[in-house]
Amino acid sequence: MAFDSKDIAAFSDVWVFCEQRDGKLMPTDFELVSEARKLADEKGCKVCGLLLGDNVKGLAKELGGYGADKVYVIEHPTLKTYTTDAYTKAICDIAEDLKPEIFLIGATYIGRDLGPRCAARLRTGLTADCTHLDIDTAKYVQFLRESSTLDVDKMKWDYEDRGLKMTRPAFGGHLLATIICPRFRPQMSTVRPGVMKMNDFDQAKADACEVVEYKVDIQDSDLETKVIEVVKSTKKLVDLIGADIVVSVGHGISADVQKGIELGTELAEALNGVLGCSRAVVDAGWLSADHQVGQTGKTVHPKIYIALGISGAIQHKAGMQDSEHIIAVNKNPDAPIFEVADYGITGDLFKVVPLMIEAAKAIK
């Protein structure tokens, strides 16, 4: 049967593109498979991983441990190193054949390149850089009730709608936009790394996961580019997503920016954590964007998150409110950050943080 993206009834299941690099699965894969499991359970369908590469079949079962019912493995020498042409050809071949209803891709450097190309070839839409996904309308309404200023109880909702609601930051992170794709399939989105909660690994589910090899025909004529050499450069970046402790500074350091950054860095080092910041700090040019926490930065889930001089705008809270323990220091007792903080200190960070550093060093 010819592929028709408008034939909605022909599509089923939730698919996840499972990115591997140098024969190793990415943490984003496990997050997306976990999220796909939630969506698939609401729709009563299967979760299917899609794993491309060369000699990568042995990685597939691990995806089952996080919720995949089935993993399609496409192996080909051309797929060993990522190229847009080869990966797009392989993915679109299998998607046109098996017709997934929902297709999730991590918003990594590879995913941001791959997603739009596949969506265009499959003649469907793509919502980029999503931070929230819903099937059930009631759950979506509850999400809006908790994370927006909309009066959802006065709005009309179609509770029979079972389409994917894809939410992402818009207008520089000042708004949240929810996008739907009602007329075409698959419903595609790239999802920001670190946003979705990862399930606990289940060995029994991993053992039960079905692994299916799928053959594709990739010819030189399909490729516009060829990888001659891979050169890796090293740049030291802040690993906010993987950190157990994050100390973030905000606009409150403006009275003495250099001193504020030094205090934040010293506290982070004393706690074996990393330094983060709010968008205001990045916009002012005080720290680089790889430090930014929030909807337009990174979403973090550390064991301890310490907010220094951060007011707590909704865009920032969305990136850190699921931390296990939140400690906030702010001169304004009415600062919104205290709404999500487990422990709040009302005071001047330039006076409070030295005491915190001293206490942290004493514990060591």
Side-chain angles (χ1 to χ4, degrees), residues 1-17 28 31-50 67-70 91-92 94-107 111-112 114-148 150-171 175-192 195-197 295 318:
M1 182 183 295
F3 179 80
D4 181 0
S5 62
K6 298 188 292 296
D7 183 14
I8 293 176
F11 292 77
S12 64
D13 296 334
V14 180
W15 281 25
V16 175
F17 169 66
T28 310
E31 296 169 7
L32 292 191
V33 168
S34 300
E35 180 67 11
R37 180 74 273 159
K38 182 193 77 173
L39 299 176
D41 286 346
E42 291 184 13
K43 291 192 70 69
C45 64
K46 291 183 178 180
V47 174
C48 301
L50 182 56
D69 299 296
K70 180 186 295 186
I91 289 173
C92 290
I94 189 173
E96 289 177 354
D97 182 18
L98 301 180
K99 301 179 179 62
E101 181 178 4
I102 294 171
F103 192 8
L104 308 180
I105 300 174
R112 291 171 189 263
L114 181 64
R117 183 70 67 92
C118 291
R121 191 166 299 184
L122 295 171
R123 299 182 180 277
T124 187
L126 173 76
T127 304
D129 210 26
C130 291
T131 56
H132 188 84
L133 300 171
D134 276 303
I135 295 290
D136 185 76
T137 300
K139 291 183 179 179
Y140 172 63
V141 171
Q142 183 60 29
F143 161 70
L144 292 179
R145 184 177 285 113
E146 296 172 354
S147 61
S148 78
L150 295 173
D151 189 352
V152 296
D153 296 318
K154 292 184 178 180
M155 301 171 70
K156 293 183 179 180
W157 301 98
D158 178 6
Y159 287 93
E160 300 300 318
D161 176 21
R162 304 295 290 168
L164 183 63
K165 293 93 176 160
M166 300 169 277
T167 303
R168 56 151 294 157
F171 294 97
L175 294 176
L176 286 177
T178 298
I179 298 167
I180 59 175
C181 186
R183 296 187 295 127
F184 301 97
R185 297 292 184 269
Q187 300 166 96
M188 292 184 62
S189 65
T190 58
V191 181
R192 186 178 298 181
V195 171
M196 302 305 178
K197 186 176 180 180
Q295 281 177 342

Problem set entry | Flag, side chain of R168 to backbone of A128, donor-acceptor distance under 3.5 Å | yes

Exercise. What's the verdict on side-chain contact (heavy atoms from CB on, under 4.5 Å) for K197 and K38, showing C-alpha distance, side-chain angles and the deciding distance?
Worked result: CA-CA 10 Å; K197 186 176 180 180; K38 182 193 77 173; over 6 Å; no

For this session: Please identify each residue that fulfils ring pair (Phe, Tyr, Trp, His ring centres under 6.0 Å) with F184, with sequence neighbours left out.
Result: none

Exercise. How close do G115 and I105 get, heavy atom to heavy atom, and via which atoms?
Worked result: CA-CD1, 3.8 Å

Problem set entry | F3 side, atom CZ; E96 side, atom CD - distance, nearest 0.5 Å | 5.5 Å

Exercise. Looking only at atom types and distance, does a side-chain atom of S5 sit under 3.5 Å from a main-chain N or O of R123, one as donor and one as acceptor?
Worked result: yes

Exercise. Any side-chain heavy atom of V14 within less than 4.5 Å of one from E101?
Worked result: no

Problem set entry | Heavy-atom pair of closest approach, residues Y140 and T167 | CE1-OG1, 4.0 Å

For this session: Quick one: list whatever passes salt bridge (Lys or Arg N to Asp or Glu O under 4.0 Å) with K46, sequence neighbours left out.
Result: none

For this session: Could you list the residues that satisfy side-chain contact (heavy atoms from CB on, under 4.5 Å) with A119, not counting sequence neighbours?
Result: T124, L126, M188

Problem set entry | Side chain Q187, main chain L164, donor-acceptor under 3.5 Å | yes

Exercise. Should W157 and L144 count as side-chain neighbours, where that means a heavy-atom distance under 4.5 Å?
Worked result: yes

Exercise. Got a sec, which residues hit side-chain contact (heavy atoms from CB on, under 4.5 Å) with I180, two or more places apart in sequence or on another chain?
Worked result: K165, P182

For this session: Can you see which heavy atom on G111 is nearest to which on T190, and at what distance?
Result: O-CG2, 3.8 Å

Seminar exercise, completed: Heavy-atom nearest pair, T28 first then G106, reads CG2-CA, 3.8 Å

Exercise. Is any side-chain heavy atom of I91 closer than 4.5 Å to a side-chain heavy atom of W15?
Worked result: no

Exercise. Roughly how far, to the nearest 0.5 Å, is the CD1 atom of I8 from the CZ atom of R183?
Worked result: 9.0 Å

For this session: Give, for atom CD1 of I102 and atom SG of C181, the distance between the pair rounded to the nearest 0.5 Å.
Result: 10.5 Å

For this session: Specify whether F143 and H132 have parallel, tilted or perpendicular ring planes, treating 30° as the upper limit for parallel and 60° as the lower limit for perpendicular.
Result: parallel

Problem set entry | D13 side chain reached by P100 side chain, heavy atoms, under 4.5 Å | no

For this session: Give, for atom CD1 of I94 and atom SG of C48, the distance between the pair rounded to the nearest 0.5 Å.
Result: 9.0 Å

Problem set entry | Heavy-atom closest pair, residues L133 and V191 | CD1-CG2, 4.1 Å

Exercise. Who are the side-chain hydrogen bond (donor to acceptor under 3.5 Å, both in side chains) partners of D153, not counting sequence neighbours?
Worked result: R145

Exercise. Taking all atoms of both residues into account, what is the closest heavy-atom pair of F103 and F17, and its distance?
Worked result: CE1-N, 3.5 Å

For this session: Could you tell me whether a side-chain N or O of D134 sits under 3.5 Å from a main-chain N or O of D136, the two making a donor and an acceptor?
Result: no

Exercise. Is it true that a side-chain atom of K43 and a backbone atom of A40 form a donor plus acceptor pair closer than 3.5 Å?
Worked result: no

Exercise. Is there side-chain contact between R117 and C92, with heavy atoms separated by less than 4.5 Å?
Worked result: no

For this session: Measure from the side-chain N and O atoms of T137 to the backbone N and O of D158, and report whether any donor-acceptor pair falls under 3.5 Å.
Result: yes

Problem set entry | Contacts of R37 that satisfy salt bridge (Lys or Arg N to Asp or Glu O under 4.0 Å) - sequence neighbours left out | D41, D69

